[in-house]
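Numbered from 1 within each chain, the chains take letters A, B, ... in sequence-line order. Computed from heavy atoms alone, side chains included, the values below leave out hydrogens, waters and symmetry copies.
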There are 2 protein chains.
Amino acid sequence: MSDTHTILFKTLSDPTRRAIFERLCREGDKTVGALTEHAGVSQPVVSKHLRILKQAGLVSGLHEGRQTHYSAQPDALSPLRDWTAQMAEFWEGRFDALENLLKRIDQ
Amino acid sequence: MSDTHTILFKTLSDPTRRAIFERLCREGDKTVGALTEHAGVSQPVVSKHLRILKQAGLVSGLHEGRQTHYSAQPDALSPLRDWTAQMAEFWEGRFDALENLLKRIDQ
DNA sequence: CCAATTCATACCCCAATGGATATATGTTGA
DNA sequence: TCAACATATATCCATTGGGGTATGAATTGG
């Protein structure tokens, strides 16, 4: 199931990877070297995480000489925002679901 | 790193598990047997997924005789909603970040 | 009281994944 | 041209995790 939601959740489920994405959102674009400094893992691992983030559409990379500048693309988060909103929406239609359940069982 | 965000993302990253949660949001509470019917996996696997969803706070279970009724708790999604909103928020302060990057490199 | 039912737990297996190190590729500066 | 640098790729390893089957525990109906 190569679903968009699955890819997004899976990509963001790793703390190291999510931290990289957060830094790019907070502080703007950065090179691989700069990202490696505070990542707590080796440079190849950072590159691998960036590759996964890129495949998920969450970051994009631009080559400048021997450096690569990565920047966040938070628009890619919109499926997640939509999904969470939809789940909450479904729930609103049954706001008293728990009470109903308790009543049903209690009778 | 037992972070809340990590747990939520990880829990929702599995399609089978997310489908169970979605069904509970859409259709209200269900027993393990009812959930197993359309899950595509065996009952023990469904129970295991429910256990993980419960640990993440996304569902709650109530015993009624030999059945267990599970219901969704979409309020547990709020950290996700907050996180995505915050990431987008950070980004707004640098809406022209990509253009700046291109300009910087292009010069 | 016993058999069937419902769910949870235990155990095993295999694929996926995050990490490391080594190395390849490409780029700049002297 | 050549050495240093920046990044990507390759390979390996240990762990995680999702799936299955078998079985335990609890409850109900006859």
Task: Qualifying residues under salt bridge (Lys or Arg N to Asp or Glu O under 4.0 Å), relative to B:Lys10, sequence neighbours excluded - done: none
Open item on the list: Tell me whether A:Arg23 at atom CZ has more than 12 heavy atoms from other residues, nucleotides or ligands lying less than 6.0 Å away.
Closed with: yes
Open item on the list: Using the side chain to side chain donor-acceptor pair (under 3.5 Å) criterion, which residues pair with A:Thr31? Sequence neighbours excluded.
Closed with: none
- [ ] Please name all residues satisfying side chain to side chain donor-acceptor pair (under 3.5 Å) with B:Gln67, sequence neighbours left out, ordered by chain then number.
- [x] none
Side-chain donor/acceptor pairs under 3.5 Å, residues 34-59 of chain A, sequence neighbours excluded:
unit_1	atom_1	unit_2	atom_2	d
A:Thr36	OG1	A:Val32	O	2.7
A:Gln43	NE2	A:Ser47	OG	3.1
A:His49	ND1	A:Arg17	NH1	3.4

TODO: Using a 4.0 Å cut-off on protein heavy atoms (strictly under), produce a 5'-to-3' string for nucleotides 14-24 of chain C with B for base contact, S for backbone-only sugar-phosphate contact, and - for none.
DONE: ---SSBBBB--
Open item on the list: Would you say A:Thr68 places a side-chain N or O within less than 4.0 Å of OP1 or OP2 belonging to D:dA8?
Closed with: yes
- [ ] Return the value, rounded to whole Å, for the distance between atom CZ of B:Arg18 and atom P of D:dG17.
- [x] 17 Å
Report, one pair per line, the protein and nucleotides 25-29 of chain D atoms (nitrogen or oxygen only) whose separation is under 3.5 Å.
unit_1	atom_1	unit_2	atom_2	d
D:dT27	O2	B:Arg66	NH1	3.3

Open item on the list: Parallel, tilted or perpendicular, judged at 30° and 60°: which one describes the rings of B:Trp83 and B:His5?
Closed with: tilted
TODO: Mind calculating the distance between CG (A:Leu50) and P (D:dT9) to the nearest angstrom?
DONE: 11 Å
- [ ] Send over the distance from A:Lys30 NZ to D:dA6 P, rounded to a whole Å.
- [x] 16 Å
